[in-house]
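Some notes on the structure that comes next.
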Amino acid sequence: MAAPDESGVVTAEYAVTLPAILGVLSLIITGMLYLSAHANACHGARLYAREISIGASPTTAQSIAQAGTPTSIDIGFFVSGSTVQVTARSDHFFRGLPAPTCTVKTLVENHVLADVQP
């Protein structure tokens, strides 16, 4: 009895496993890029909040936050009593995922509050 012909089996295995490996690899890379964009948004939000909390103008804080992050971010903030809350959103585009955002809340320095309050 003749053994069955197994030619092409390795090619079929590669045809199945190679796309799966590339798919997993692309998911890992996309996840790392997403986490990096989130970290950049958090870093920019922290820089902006720190500058606002020590009394810098929003324009100055925006330029410092943009200079301190390697990517572009959109920043919004509001001051409530003695706290500043800053939300930064990364401009990275990830199809099917929400934009990476980060919210930071910090206290305003006492000397800034003294200048603002009567």
Side-chain angles (χ1 to χ4, degrees):
M1 187 163 173
D5 184 22
E6 292 188 11
S7 64
V9 172
V10 173
T11 304
E13 289 173 354
Y14 278 131
V16 171
T17 59
L18 190 60
I21 290 171
L22 291 177
V24 169
L25 185 62
S26 69
L27 285 175
I28 290 171
I29 290 171
T30 301
M32 290 172 58
L33 290 173
Y34 189 85
L35 290 176
S36 175
H38 182 267
N40 286 333
C42 286
H43 183 64
R46 282 191 300 269
L47 288 173
Y48 194 92
R50 185 191 62 181
E51 292 301 318
I52 292 293
S53 72
I54 61 173
S57 70
T59 307
T60 303
Q62 178 78 26
S63 65
I64 289 173
Q66 289 291 348
T69 57
T71 59
S72 179
I73 53 175
D74 294 329
I75 296 177
F77 80 101
F78 69 91
V79 178
S80 173
S82 63
T83 61
V84 156
Q85 182 171 333
V86 177
T87 301
R89 183 178 60 84
S90 178
D91 287 343
H92 277 284
F93 178 76
F94 294 98
R95 184 166 294 173
L97 295 174
T101 59
C102 186
T103 301
V104 174
K105 189 182 261 189
T106 187
L107 294 173
V108 178
E109 295 288 329
N110 288 333
H111 71 278
V112 175
L113 288 176
D115 291 340
V116 174
Q117 296 175 352

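Taken together through direct or relayed side-chain contacts under 4.5 Å among Ile, Leu, Val, Met, Phe, Trp and Tyr, Val104 and Phe77 form parts of separate hydrophobic clusters. Both Val79 and Val86 are members of a single hydrophobic cluster when ILVMFWY side chains are connected at heavy-atom separations under 4.5 Å. Both Val24 and Met32 belong to a single network of hydrophobic side chains, linked directly or stepwise wherever heavy atoms of I, L, V, M, F, W or Y lie under 4.5 Å apart. If you chain together hydrophobic residues whose side chains sit under 4.5 Å apart, Leu97 and Leu25 fall into the same group. Linking Ile, Leu, Val, Met, Phe, Trp and Tyr whenever their side-chain heavy atoms come within less than 4.5 Å puts Tyr48 and Val84 in one cluster.
Within the structure, disulfide bond (SG atoms under 2.5 Å apart) pairs that include any residue of residues 53-110 comprise Cys42-Cys102 (at least two apart or interchain).
Looking at every heavy atom in both residues, Pro100 comes nearest to Ala37 through CG-CB, 3.7 Å. Heavy-atom minimum distance, Lys105 versus Thr83: CG-CB, 4.4 Å. The minimum heavy-atom distance between Ile75 and Ala65, with the atom names listed, is CD1-CB, 3.7 Å. Here the closest heavy-atom approach between residue Thr106 and residue Ser53 is recorded as CG2-CB, 4.1 Å. Between Pro19 and Tyr14 the shortest heavy-atom distance is CD-O, 3.8 Å. What you find for Gly68 and Leu47 is that their closest heavy atoms are CA-CD1, 3.7 Å.
Applying the side chain to side chain contact (heavy atoms under 4.5 Å, CB included) test to Thr69 and every residue at least two apart in sequence or in another chain returns His43, Gln66, Ile73. Remark: Asp91 pairs with no residue by the salt bridge (Lys or Arg N to Asp or Glu O under 4.0 Å) rule, at least two apart or across chains.
Annotation: the span from Ile29 atom CD1 to Leu33 atom CG amounts to 7.5 Å, rounded to 0.5 Å. The CG atom of Asp74 lies 4.5 Å from the CZ atom of Arg89; values are rounded to the nearest 0.5 Å. In this structure, CD in Glu51 is found 8.0 Å from OG1 in Thr60, a value given to the nearest 0.5 Å. Atom-to-atom distance recorded for Thr11:OG1 and Leu18:CG is 12.0 Å, nearest 0.5 angstrom. Rounded to the nearest 0.5 angstrom, Leu22 CG and Thr17 OG1 are separated by 9.5 Å.
Contact of the Ser90 side chain with the Tyr34 side chain is not registered, since no non-hydrogen atoms from C-beta on lie closer than 4.5 Å. Residues Gln85 and Thr103 meet the side-chain proximity criterion, which asks for heavy atoms closer than 4.5 Å.
When atom types are taken as modelled, the side chain of Thr30 and the backbone of Ser26 share a donor-acceptor pair closer than 3.5 angstrom.
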